[in-house]
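Everything on this sheet refers to the single structure shown next.
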Amino acid sequence: PLGFLPGGVASIGTGISGDGRTVVGYSAINLGSRGAQRAFRWTEEGGMRELPPSPGDAQSWAYAISRDSSTVVGVTGDNLFPTFRRMPARWRGDGTPEELGLPPGATAAAARTVSATGDVIAGDATPMSGSGGRGFRWTLATGSQLIGVAAGHSSSDIVGMNSDGSILVGSGGVPGVISGQHAIMWTQTTGVIDLNVYFASLGIDLMGYVLNEAIAVSDDGLTFVGRGSIQNGPTPSDRIDRAWIVTIPATAFIAAVFYG
């Protein structure tokens, strides 16, 4: 076990560097009369060290670390009334938090995933309009930008990307669908698209399953993994969840495999 931060009572690991030597996550701590979460970075040599929130914030969460271990991403803010502040952030070097800024039209956001060298960051944002959540993508050149939703979807949420950040994956809300979500992909060329529709257009047989969420994608963008389901009856409780992997090789061969 990695333990927890001083004054802590629990901890959760959420990401690991490419060489396996650095782990990030967050630890529950006692903060005066209330509990709180604080992001951490752990190495075998240095143990668990806090990644603090921005000045004035009470909490921080770390959700991912770049493959080269240079950049940790997550959230700084607070989840108590009346603040409810949630700002996407990164920690580099000495661990000082750097807020990424909100996408235009958003009231809150969380950084969930990061490219191999820390140059691209993505996650989810809450629009000011009160509509469903929106995925966002950040680079130093563009700042935080909303990526929109797939056709027929009401929301988007990004949780993974390939090594250079050119392909983002996650899930989108689909009104009127029992499962409630479909797996999505974003690229600069395609925008946000439903992977169920995209894979079907390539001739992939999903065998009656619905791809509910894409969680990761390979560096070359040819292999996707995530969570899917099949209905064994008319209600949500009749849903059977399965892990899935879909590979689109450079040749004409295409395969879909479900596990569980």
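- At a threshold of 4.5 Å between non-hydrogen side-chain atoms, the residues Arg38 and Pro52 do not count as touching.
- With sequence neighbours excluded, no residue forms a salt bridge (charged side-chain N to carboxylate O under 4.0 Å, His left out) with Glu44.
- For the pair Thr139 and Asp119, the minimum side-chain heavy-atom distance is 4.5 Å or more.
- Note that the CZ atom of Arg90 and the CD1 atom of Ile121 stand 5.5 Å from one another [nearest 0.5 Å].
- For the pair Leu102 and Pro88, the tightest heavy-atom approach, listed with the atom from each and the gap, is CD2-CD, 3.9 Å.
- The shortest side-chain heavy-atom distance between Ile248 and Phe199 falls under the 4.5 Å cut-off.
- At least one side-chain heavy atom of Ile245 sits less than 4.5 Å from a side-chain heavy atom of Thr223.
- Within the 4.5 Å cutoff, side-chain heavy atoms of Gln181 are placed close to those of Arg227.
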Practice task
Starting from the C-alpha separation in whole Å, work towards a yes-or-no answer on side chain to side chain contact (heavy atoms under 4.5 Å, CB included) for Arg41 and Trp91.
Solution key: CA-CA 10 Å; Arg41 178 186 180 113; Trp91 292 265; over 6 Å; no

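- If you take CZ on Arg134 and CD1 on Ile158, they are separated by 12.0 Å, rounding to the nearest 0.5 Å.
- Minimum heavy-atom separation, Ser115 to Ser163: CB-O, 3.2 Å.
- Taken from NE2 in His182 to NE2 in His153, the straight-line distance is 6.0 Å, to the nearest 0.5 Å.
- With Thr126 contributing its side chain and Thr107 its backbone, the two residues share no donor-acceptor pair below 3.5 Å.
- Between the side chain of Ser11 and the backbone N or O of Gly3, at least one donor-acceptor pair lies under 3.5 Å.
- When all heavy atoms of Ala58 and Asp78 are compared, the closest pair comes out as CB-OD2, 3.3 Å.
- Scored by the salt bridge (charged side-chain N to carboxylate O under 4.0 Å, His left out) test, Asp219 finds Arg67 as partners (sequence neighbours excluded).
- For the atom pair OG1 (Thr113) and CG (Asp124), the distance works out to 11.5 Å, reported to the nearest 0.5 Å.
- In this structure, Ser27 contributes its side chain and Phe4 its backbone to no donor-acceptor pair below 3.5 Å.
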Problem - Pair Gln37-Ile12, side chain to side chain contact (heavy atoms under 4.5 Å, CB included): steps then yes or no - result: CA-CA 10 Å; Gln37 308 281 356; Ile12 297 175; over 6 Å; no

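- Judged by distance alone, with hydrogens and angles left aside, the side-chain atoms of Thr76 form a donor-acceptor pair with the main-chain N or O of Ser54 at under 3.5 Å.
- Here the closest non-hydrogen pair linking Val75 and Ala111 is CG2-N, 4.3 Å.
- Judged by distance alone, with hydrogens and angles left aside, the side-chain atoms of Asp57 form no donor-acceptor pair with the main-chain N or O of Gln59 at under 3.5 Å.
- Using a distance-only test at 3.5 Å, with no hydrogens or angles considered, a donor-acceptor pair links the side chain of Ser155 to the main chain of Gly173.
- Distance alone, capped at 3.5 Å, places no donor-acceptor pair between the Asn162 side chain and the Gly221 backbone.
- Under the 3.5 Å distance criterion, the side-chain polar atoms of Ser156 are matched with a main-chain donor or acceptor of Gly135.
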Problem - Trace of the side chain to side chain contact (heavy atoms under 4.5 Å, CB included) decision for Ile204 with Leu206 - result: CA-CA 6 Å; Ile204 299 175; Leu206 297 179; 3.8 Å; yes

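- Neither Ile184 nor Val169 shares a network with the other; the hydrophobic side chains, linked directly or stepwise wherever heavy atoms of I, L, V, M, F, W or Y lie under 4.5 Å apart, form separate groups for each.
- Residues Phe40 and Ala62 come closest through the heavy atom pair O-CB, 4.3 Å.
- Hydrophobic clustering (ILVMFWY, side-chain heavy atoms < 4.5 Å, transitive): Met48 and Leu51 are in distinct clusters.
- Cluster membership check: Leu5 shares its hydrophobic cluster with Val23, using side-chain heavy-atom separations under 4.5 Å among Ile, Leu, Val, Met, Phe, Trp and Tyr.
- For the pair Val149/Val192, no side-chain contact is recorded, criterion being any heavy-atom separation below 4.5 Å from C-beta on.
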Problem - Step-by-step side chain to side chain contact (heavy atoms under 4.5 Å, CB included) determination, Trp138 to Leu140 - result: CA-CA 7 Å; Trp138 176 96; Leu140 189 61; 4.2 Å; yes

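- In the hydrophobic cluster analysis, where Ile, Leu, Val, Met, Phe, Trp and Tyr join through side-chain heavy atoms closer than 4.5 angstrom, Ile193 is grouped together with Val217.
- The minimum heavy-atom distance between Ala183 and Ala214, with the atom names listed, is CB-N, 3.5 Å.
- Separating the CZ atom in Arg49 from the OG1 atom in Thr43 is a distance of 6.5 Å, to the nearest 0.5 Å.
- A distance of 12.5 Å separates CD of Gln188 from CD1 of Ile167, quoted to the nearest 0.5 Å.
- In this structure, the side chain of Asp157 does not engage the main chain of Gly133 through any donor-acceptor pair within 3.5 Å.
- Hydrophobic clustering of Ile, Leu, Val, Met, Phe, Trp and Tyr side chains at less than 4.5 Å, counting indirect connections, keeps Ile147 apart from Tyr198.
- Checking side-chain atoms of Ser171 against main-chain N and O of Asn212 turns up no donor-acceptor pair under 3.5 Å.
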